[in-house]
Student: 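Before we start, here is the structure in question, set down as structure tokens.
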Amino acid sequence: MSTTTFSAQDVTTIRTAAWGAVSLMSAAGIAGSAHRVGTDASLALVAATGPVGHVVAGAKGAKLKGKSTAELADQVFPALTASVRLLEARDPAEAEEFRSLIGVVVEAANRAHRGGPSPVMEDMSRKIAEAMNA
């Protein structure tokens, strides 16, 4: 299956949400090793399967611009909410797969941080989860 089962706008929204979650976790992990956090979270994302896995296999087309974490979050949190809603409308199982995938991305990012997730990473994890459940 390919991304052709999704509209171009849906692909952009899902990629922005998924790759944005990686970027937010990396930014939150700056006190440790943002590079390691980003790498581990990215690897979790590219290991995705199924229809959503096809969409998030690449970051091309994701709308991620900003000079601060706050500007990035302004794009990513609404994209997370929209992604879950559009996937629920297609197939609730796909929406659950997306939630699970982002949960794995967040967990991989948190594990990459030595000594466990920092309070900043825990807070970002919570905000990502809230955005998906909004």
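From a predicted model like this one, the values you see are computed outputs, not experimental measurements.
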Student: Give a yes or no answer on whether the side chain of Ser42 reaches the backbone of Gly38 with a donor-acceptor pair at less than 3.5 Å.
Tutor: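 Pair found, side chain donor or acceptor close to backbone of Gly38.
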
Student: Please examine the side chains of Ile14 and Leu86, heavy atoms only from C-beta on, and report whether any two atoms are closer than 4.5 Å.
Tutor: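 Of all side-chain heavy-atom pairs linking Ile14 with Leu86, at least one is under 4.5 Å.
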
Student: Salt bridge or not between Lys127 and Glu130? Use side-chain N to carboxylate O under 4.0 Å.
Tutor: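 No salt bridge links Lys127 with Glu130.
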
Student: Once rounded to the nearest 0.5 Å, what's the spacing between atom OG1 of Thr16 and atom NZ of Lys63?
Tutor: 7.5 Å

Student: Is there a path of hydrophobic side-chain contacts, each under 4.5 Å between heavy atoms, that joins Leu64 and Leu101?
Tutor: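 Yes; Leu101 is reachable from Leu64 via cluster members.
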
Student: Of all the heavy-atom pairs spanning Ala57 and Val46, show the shortest one and how long it is.
Tutor: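 In terms of heavy atoms, the two residues are closest at O-CG1, 4.1 Å.
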
Student: Excluding sequence neighbours, so at least two apart, what forms side chain to side chain donor-acceptor pair (under 3.5 Å) with Arg85?
Tutor: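 None.
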
Student: For a quick test of reading the model, state the closest non-hydrogen atom pair linking Asn110 to Ser125 and the distance between them.
Tutor: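 Closest pair (atom of Asn110, atom of Ser125, distance): ND2-OG, 3.1 Å.
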
Student: Between CD1 of Ile102 and CE of Met25, what distance do you get to the nearest 0.5 Å?
Tutor: 11.0 Å

Student: How about Met132 and Thr81: do any of their side-chain heavy atoms sit closer than 4.5 Å?
Tutor: no

Student: Do Ser83 side-chain atoms and Ala17 backbone N/O form a donor-acceptor pair below 3.5 Å?
Tutor: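 Looks like no, no N/O pair under 3.5 Å.
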
Student: Treat each ILVMFWY residue as a node, draw an edge where side-chain heavy atoms are under 4.5 Å apart, and state whether Phe77 and Val120 are in one component.
Tutor: no

Student: Which pair of non-hydrogen atoms, one from Ala73 and one from Pro78, has the smallest distance, and what is that distance?
Tutor: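 Minimum heavy-atom contact is O-CD, 3.7 Å.
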
Student: Run through Leu45, Asp40, Ile128, Val56 and flag the one making a side-chain contact (heavy atoms from CB on, under 4.5 Å) with Val105.
Tutor: Leu45

Student: Same hydrophobic cluster for Leu72 and Met121, using side-chain heavy-atom links shorter than 4.5 Å among ILVMFWY?
Tutor: yes

Student: Please give me the minimum heavy-atom distance between Ser118 and Ala28, naming the atom from each residue.
Tutor: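 So the two residues come closest at OG-O, 4.1 Å.
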
Student: Can a salt bridge be assigned to the pair Glu88 and Arg99 using a cut-off of 4.0 Å between side-chain N and carboxylate O?
Tutor: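 The answer is yes: the pair qualifies as a salt bridge.
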
Student: Keeping the roles fixed (side chain from Trp19, backbone from Ala62), state whether a donor-acceptor pair exists under 3.5 Å.
Tutor: no

Student: Find the distance between CG (Asp91) and CD (Glu96) and round it off to the nearest 0.5 Å.
Tutor: 11.0 Å

Student: Assess whether a salt bridge exists between Arg111 and Glu107, defined as any Lys/Arg side-chain N lying under 4.0 Å from an Asp/Glu carboxylate O.
Tutor: yes

Student: Looking only at atom types and distance, does a side-chain atom of Glu94 sit under 3.5 Å from a main-chain N or O of Arg90, one as donor and one as acceptor?
Tutor: no

Student: Considering non-hydrogen atoms only, spot the tightest contact between Gln75 and Gly66 and give its length.
Tutor: NE2-N, 4.3 Å

Student: List the atom of His54, the atom of Arg15, and the distance in Å for their closest heavy-atom pair.
Tutor: O-NH2, 4.4 Å

Student: For Met124 and Thr69, run side chain to side chain contact (heavy atoms under 4.5 Å, CB included): C-alpha distance rounded to whole Å, both residues' side-chain angles, the deciding distance at 0.1 Å, then the answer.
Tutor: CA-CA 10 Å; Met124 188 61 73; Thr69 304; 3.9 Å; yes

Student: According to side chain to side chain contact (heavy atoms under 4.5 Å, CB included), who are the partners of Ala82, at least two apart in sequence or on a separate chain?
Tutor: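 Counting only residues at least two positions away or on another chain, Ala82 forms a side chain to side chain contact (heavy atoms under 4.5 Å, CB included) with Thr13.
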
Student: Can you check whether Phe6's main-chain N or O pairs, donor with acceptor, with Asp10's side chain at less than 3.5 Å?
Tutor: no

